Each structure stands twice: as C-alpha cells, then as structure tokens.
Colleague: 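Questions regarding the structure given below will be posed in turn.
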Amino acid sequence: MPAVLFRDDSIPSVSLDAAASPALSTLSDDERLFHDSVLDFASKEIRPRVREMDERAVLDPGLLTRLFDLGVMGVEIPESFGGAGATFFHSVLAVEALSRVDPAVGVLVDVQNTLVINALLRWGSADQQRQHLSRLASDTVGAYALSEAGSGSDAFALTTRATSQGDGFLLEGRKLWITNAAEAGVFIVFATVDLAAGYKGITAFLVDRGTPGFTIGHKEDKLGIRASSTCELLFEGCRVPRAHVLGEVGKGYKIAIETLNEGRIGIGAQMLGLAEGALEHALRYTQERKQFGKAIAEFQGVQFQLARAATDIEAAKLLVYNAARLRDARQPFLKEAAMCKLFASEVAERTASLAVNLFGGYGFVKDYPVEKLYRDAKIGQIYEGTSNLQLVTIAKTLGLRP
Ligand SMILES: Cc1cc2nc3c(=O)[nH]c(=O)nc-3n(C[C@H](O)[C@H](O)[C@H](O)COP(=O)(O)OP(=O)(O)OC[C@H]3O[C@@H](n4cnc5c(N)ncnc54)[C@H](O)[C@@H]3O)c2cc1C
C-alpha cells in the first residue's frame, strides 16, 4: 500500500510506495551482481599489478585481454555484436568498481564505453557499426581525439583540417592528450572541414590505427593515472574515405557536446570509485595502526574525519547514479552530469588527501597504496572539462550568462 508521507492543503500530497521507490543508490540484483563481479576481478587481477603498472607507466597487455573477457569493454554493445547488451548505468558501475582499485584502468574502460562506443551506437551508420562494434567488444580499444595544443576548454577552436578530396578527406593536424592512444585500434577524430565556419565545420571521423599518414606521437609522462596512456596524434596527409565520417559533415560539434556530457558521468564514477578505494584503505589502516596505546580509529578526531569522508562519498554516489539513471531514462541530465563530475572529483581529492594524512609517514611512500590515489585524483578536475567549465555549465542552467 502506498504510504502518505504528509498532507497539507498548500502542498500537493506526495505518496510513495516504499517497495517501488528504493534509495537512489539501491542496485537491482543484476546491477549488484555485475558491480560485485567487476570489483572481485579488480581485487584479484588488477590489484597485484597496480604498483608495477604505475611505476612503468604502462598497462599490462595481459590485463587488457582479461578486461575484454570480463565483458567490460563493450558494456552497451548489443549482444548481436558480441557485447554485454547492458545499460549506460552498467558502464558507470564498471568504471566505479575498477577505479576503486586502479583509476588508470577505470579511465581506459570509461573512454571505451562512455565516449567511443556511445558515439558509435548513437551516430554510427549500419556499416560503421558492423565494422567496429564486434571488434570493440572483443579485442579493439577505442580512443576519442578532440583536444589540441591550442584548444582545450575552448574545444571547438580546433585547427586539425579535413580537406575534401575525391571520395574522401585529407586530415592534417595534431591532437594532444589522447587517452588510450597507445593501445587503441580505432580513433574518433574531430577535424574541421572549414575553419571559417567555426563550430559548424567540425566533423567526426573514424580513423583506424595504421592508416597511412597517421602516427601516434609523444607519450606523456604524467603525475597520476600513469598506466593510462596519453599521447599526441599526428595527421600528415592522412586520407580517410568519406564513409568514415561519423554522423554528418559539420555535425561533429553535436557529437562532441553530447558524448562529453555522458562521458562526464563516467569521470564522476571514476572519481567516486577512487574515493571509495581511499576510504577503504583509511578505514583498514586506522583500525590496525596503534598510537598512544590504541588504534588511531578510536580517536574521535579521526572518526569524525572518516565519517565526513563517508558522507562526501554517499553524496557523490547519489549525484553520479542519478545522472546515469537520468541518461538511461532519456531525461535531461546536462546539469546533473556537470555537478556529479565537479563534486565527485573534489571528493576524490579530499578523500585521497585524508587517507594520506591518516597513514602518516606511510601515506607518503609508494609501499602503501594511498599516495598513488592522491596523485590519480587530480586529473578528475581537469579532463572532460575542467572544474571551472563544469561551473560555467551549471551557472548557465541557473539562467546566468557571462
Ligand atoms: C591525462 C589527460 C587525458 C586526457 N584525455 C583526453 C582525451 O582522451 N581526448 C581529448 O580530446 N582530450 C583529452 N584530454 C584533454 C583535456 O580534456 C584538456 O586538458 C582539458 O579539457 C583542459 O584543456 P587545457 O588543458 O587546454 O586547459 P585550458 O583550457 O587552457 O585551461 C587552463 C585553465 O584555465 C581555466 N579556464 C579556461 N577557460 C575558462 C573559462 N571560460 N572560465 C573559467 N576558467 C577557464 C581552466 O579551468 C583551467 O584551470 C586529456 C588531458 C589529460 C591531462
């Protein structure tokens, strides 16, 4: 029976069926099973490799194969193409669970699902889907190349050119900061067919690794998420057939805006998982470490800090899950996506910093896992739109204009 929560003549009555309205963070049986199996995989298969991958700044290739086997590299790809045929929310759960152990692996899976596969599912032609989706589900990593040296926050100031030539385009230019570039077999590349047309010239192309005139350049040596590759891409007389245009010529800006709105929820999930991992380490350590004759977790000052971190994480989770569920329900989620990325990335940094503090000197050395999470947290406030740019978006939804 629905329970009437309150009744007042001035306020419409609200009735909620407790069974049909679980907490926003409640997972269905299927979602719980999926999340837990990815977390179990992360604990068993990724955790033993985290330190070495971070130090060597490379992803273990064996791990990549296992990620494909696990089904997290093609979460939303229909089963007919060999994917898991699941939802965007499942992608978010996978990114959260993986990032709890290694946010560098989390972002690999995030870009694959929330940007590359998402764009192909929404804008790919039947031929393009046939050509790419089975590979992306089974053995091919994807990358998403929008940023350039001179265009980051102002992404549509990009200058990589696509000149129409016969039945194709000639790509010329340089992309920077491209996640997954070292491993990827297919790249979504944004270029302009007409610099003078501004954002209306921007077009998305599917470019295979190994296409003549396309090379992977310098790999960045980063502060955090070091096992995630970040490289420049060089296009020098790279010929791409017209059939490789994703969506329509001149509509690349729409693809970029919409996929990045969704991608932001994935980064929110990455940062949520990171914060959960940091809190887990802090809880364990503070109950083991003794000072003044007792576990440091018995000091109320420490308990308050842990309680505040847990509250932060719960709030971040509600924002991330809400944005992801709105997206799956085809409801507007622009503001919610910006808020969840903004907040979850701040929570990740705060929680990882607290974990370092609570580990004391051990928090500052590489023998313990929290210094890496502290380094990894910083990226959440930078990529897929800096925190300032999320605030710009949120301010616009309040009706504010610069
Ligand atoms: C590890 C890593 C991985 C990445 N992966 C990818 C990828 O896979 N694909 C891709 O295309 N890109 C990727 N990027 C690029 C990333 O999205 C950009 O770095 C980011 O959007 C910021 O752009 P920028 O570095 O040019 O900084 P800038 O845009 O130059 O910003 C510098 C500062 O100015 C502030 N600022 C700029 N404009 C405004 C404004 N209007 N109002 C207030 N403040 C403002 C910013 O908030 C920031 O603090 C990656 C970057 C990194 C570091």
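Residue numbers start at 1 and run along the sequence shown. Counting starts at 1 for both ligands and their atoms, in listed order. Just so it is clear, the structure is predicted and the values come from calculations on it, not from any experiment. Side-chain atoms are counted along with the backbone in the values below, which use heavy atoms only and exclude waters and symmetry mates.
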Colleague: Evaluate the 4.0 Å heavy atom contact test for atom 33 (C) of ligand 1: does a protein atom fall under the cut-off?
Modeller: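 For atom 33 (C) of ligand 1 the answer is no, since every protein heavy atom stays at 4.0 Å or beyond.
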Colleague: Please check if the number of heavy atoms outside R122 that lie under 6.0 Å from its CZ is greater than 12.
Modeller: yes
Colleague: When you check the gap from the basic side-chain N to the acidic O, do R32 and D36 get nearer than 4.0 Å?
Modeller: yes
Colleague: When you look for heavy atoms under 4.0 Å from ligand 1, do you find them on the side chain of T179, its backbone, both, or neither?
Modeller: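 Both parts.
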Colleague: Please state whether the rings of Y285 and F359 are parallel, tilted or perpendicular, taking 30° and 60° as the class boundaries.
Modeller: parallel
Colleague: Given S353 and Y374, is the side chain to side chain donor-acceptor pair (under 3.5 Å) satisfied, shown in steps?
Modeller: CA-CA 6 Å; S353 176; Y374 184 55; 4.6 Å; no
Colleague: Taking the minimum heavy-atom distance to atom 12 (N) of ligand 1, which of S147, S229, S153 ranks first?
Modeller: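 Nearest option to atom 12 (N) of ligand 1, by heavy atoms: S147.
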Colleague: Which of these, Y144, F187, W177, has its nearest heavy atom closest to atom 51 (C) of ligand 1?
Modeller: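 Shortest heavy-atom distance from atom 51 (C) of ligand 1: W177.
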Colleague: How does E384 reach ligand 1, by side chain, by backbone, by both or by neither, if only non-hydrogen atoms under 4.0 Å count?
Modeller: backbone
Colleague: Does atom NZ of K200 have more than 12 heavy-atom neighbours from other groups under 6.0 Å away?
Modeller: no
Colleague: In the protein, which heavy atom is nearest to atom 22 (C) of ligand 1, and how far is it?
Modeller: T386 CG2, 3.8 Å
Colleague: Among all protein heavy atoms, pick the one closest to atom 53 (C) of ligand 1 and tell me residue, atom and distance.
Modeller: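 Result for atom 53 (C) of ligand 1: I379 CD1, 3.5 Å.
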Colleague: Under 3.5 Å, is there a donor-acceptor pair linking the side chains of Y321 and E31?
Modeller: no
Colleague: Would you call L389 a ligand 1 contact, heavy-atom distance under 4.0 Å?
Modeller: yes
Colleague: Can you tell me the protein heavy atom closest to atom 20 (C) of ligand 1 and the distance?
Modeller: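 Looking only at protein heavy atoms, the one closest to atom 20 (C) of ligand 1 is I382 O, 3.5 Å.
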Colleague: Under 3.5 Å, is there a donor-acceptor pair between the E346 and S387 side chains?
Modeller: no
Colleague: Taking both backbone and side-chain atoms of L146, is any N or O found less than 3.5 Å from an N or O belonging to ligand 1?
Modeller: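 Yes; at least one N/O pair falls below 3.5 Å.
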Colleague: Can you confirm whether some protein heavy atom lies under 4.0 Å from atom 29 (O) of ligand 1, or whether none does?
Modeller: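 Protein heavy atoms within 4.0 Å of atom 29 (O) of ligand 1 - there is at least one.
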Colleague: Among all the protein's non-hydrogen atoms, which is closest to atom 44 (N) of ligand 1, and how far away is it?
Modeller: N388 ND2, 3.0 Å
Colleague: Is atom 14 (N) of ligand 1 close to the protein, meaning a heavy atom under 4.0 Å from it?
Modeller: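 Protein heavy atom within 4.0 Å of atom 14 (N) of ligand 1: present.
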Colleague: If you define the side chain from C-beta out and look only at heavy atoms, does anything of D40 sit under 4.5 Å from E45?
Modeller: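 When only atoms from C-beta onward are counted, E45 and D40 do not touch, as no gap falls below 4.5 Å.
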Colleague: Side chains of Q270 and D110: donor-acceptor distance under 3.5 Å anywhere?
Modeller: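 Short answer, no.
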Colleague: Before signing off on this row, confirm whether Y383 and ligand 1 have an N or O atom pair separated by under 3.5 Å.
Modeller: no
Colleague: Determine whether any protein heavy atom is located less than 4.0 Å from atom 4 (C) of ligand 1.
Modeller: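 Yes, there is one.
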Colleague: Indicate whether any N or O donor in one side chain lies under 3.5 Å from an N or O acceptor in the other, for H244 and D208.
Modeller: no
Colleague: In the protein, what heavy atom is nearest to atom 24 (P) of ligand 1, and what distance, to one decimal place, separates them?
Modeller: G152 CA, 3.9 Å
Colleague: Looking at atom 42 (N) of ligand 1, what's its closest protein heavy atom, distance included?
Modeller: V392 CG2, 4.2 Å
Colleague: Give the contacting part of N180 toward ligand 1: side chain, backbone, both or neither, where contact means a heavy-atom distance below 4.0 Å.
Modeller: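 No part of N180 is near ligand 1 at this cut-off.
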Colleague: So, is the end of the R325 side chain (NZ or CZ) under 6.0 Å from the ring centre of F89 and within 45° of the ring's axis?
Modeller: yes
